[in-house]
Amino acid sequence: MRKTLYPAIAILALLSLVTLGVTQEGKKTLTGYLVDKACSARLAKQSDPMAAAANHTRGCALMDNCVASGYGLFADGKFYEFDENGNKQAKELLGKSSKQKGIKVSVEGTVHESHLMVAKITEVE
């Protein structure tokens with residue numbers, strides 16, 4: 001019994017550490033510009049996507065088709081698509097913001113490839 005019990009415990013402990021490492025590795029805080037997904041492809045094709053994202057307007061992001069497409073974050077020259085929770089928070093933030101363009105935000109969440117599972121979005125001055 002001991003011959004199988006100890007190796008089984010060791011394997012479970014190892015798997016727990018691997019899972020913990022993957023989970024911790026994906027948690028991040030990113031800072032960049034809030035952009036709707038409908039406009040993100042056009043902005044990504046610009047020579048300087050971050051500058052293009054900084055000029056994206058709040059009015060555009062609140063247009064019906066842009067709201068329906070969802071939101072994301074341009075950070076470090078890359079677009080991260082938000083999950084449903086992030087889309088909800090982004091729309092609320094856009095509705096309250098006094099800025100007309102270049103909505104800079106800090107986003108806490110978990111990154112998986114180019115998707116961002118959002119925990120919290122905060123506007124940055």
Side-chain angles (χ1 to χ4, degrees):
M1 173 110 169
R2 287 184 187 174
K3 289 182 180 181
T4 58
L5 182 61
Y6 291 131
I9 291 172
I11 290 171
L12 287 174
L14 182 60
L15 287 174
S16 296
L17 289 174
V18 169
T19 303
L20 180 63
V22 169
T23 302
Q24 293 299 322
E25 186 176 290
K27 291 182 181 180
K28 297 194 184 269
T29 299
L30 298 170
T31 301
Y33 295 99
L34 183 61
V35 175
D36 58 271
K37 189 176 172 190
C39 293
S40 67
R42 175 180 50 83
L43 298 175
K45 291 178 185 176
Q46 303 296 315
S47 59
D48 186 352
M50 291 301 292
N55 284 312
H56 187 258
T57 67
R58 178 177 162 264
C60 177
L62 288 172
M63 291 174 59
D64 289 342
N65 63 328
C66 293
V67 171
S69 73
Y71 295 100
L73 178 76
F74 261 105
D76 303 322
K78 182 178 178 181
F79 183 74
Y80 295 90
E81 185 179 342
F82 291 166
D83 64 352
E84 197 58 40
N85 182 45
N87 289 331
K88 180 182 174 189
Q89 289 186 48
K91 185 178 177 185
E92 289 174 10
L93 186 143
L94 285 166
K96 294 176 184 176
S97 179
S98 61
K99 290 182 131 182
Q100 295 306 309
K101 70 176 183 177
I103 311 294
K104 193 170 187 179
V105 295
S106 176
V107 181
E108 296 175 27
T110 304
V111 176
H112 179 68
E113 296 176 2
S114 63
H115 290 80
L116 185 54
M117 291 171 277
V118 177
K120 181 179 177 183
I121 302 176
T122 309
E123 189 168 7
V124 177
E125 293 301 320

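- Of the possible donor and acceptor atoms, one in the side chain of R58 sits under 3.5 Å from a partner among the backbone N and O of L94.
- Put simply, V35 and V67 are part of two different groups of oily side chains (I, L, V, M, F, W, Y) that touch within less than 4.5 Å, one to the next.
- Legend: residues meeting side chain to side chain contact (heavy atoms under 4.5 Å, CB included) with N85, ordered by chain and number and at least two apart, are D83, Q89.
- Cluster membership for V107 and L34, using ILVMFWY side-chain heavy atoms within less than 4.5 angstrom, is shared.
- Among residues at least two apart or in separate chains, there is no salt bridge (Lys or Arg N to Asp or Glu O under 4.0 Å) pair with a member in residues 61-78.
- Among all heavy-atom pairs drawn from S69 and C66, the shortest one is OG-O, 2.7 Å.
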Extract all donor-acceptor atom pairs below 3.5 Å that involve side chains of residues 114-125 and protein atoms in other chains or at least two apart in sequence.
unit_1: E123; atom_1: OE1; unit_2: S97; atom_2: OG; d: 3.3
unit_1: E123; atom_1: OE2; unit_2: S97; atom_2: OG; d: 2.9

Can you give each donor-acceptor pair under 3.5 Å made by side-chain atoms of residues 38-52, sequence neighbours left out, with the distance rounded to 0.1 Å?
unit_1: S40; atom_1: OG; unit_2: K37; atom_2: O; d: 2.7
unit_1: Q46; atom_1: NE2; unit_2: R42; atom_2: O; d: 3.4
unit_1: D48; atom_1: OD1; unit_2: M50; atom_2: N; d: 3.3
unit_1: D48; atom_1: OD1; unit_2: A51; atom_2: N; d: 3.3

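- Interatomic distance, CG of D36 versus SG of C60, reported as 5.0 Å (0.5 Å rounding).
- Pairs passing the ring pair (Phe, Tyr, Trp, His ring centres under 6.0 Å) check and including a residue from residues 60-98, sequence neighbours excluded, read F74-F79.
- What you find for T29 and S106 is that their closest heavy atoms are CG2-OG, 3.4 Å.
- Judged as a salt bridge (Lys or Arg N to Asp or Glu O under 4.0 Å), not a single pair has a partner in residues 93-116 (not counting sequence neighbours).
- When hydrophobic clusters are built by joining Ile, Leu, Val, Met, Phe, Trp and Tyr residues whose side-chain heavy atoms come closer than 4.5 Å, directly or via intermediates, M63 is not grouped with L93.
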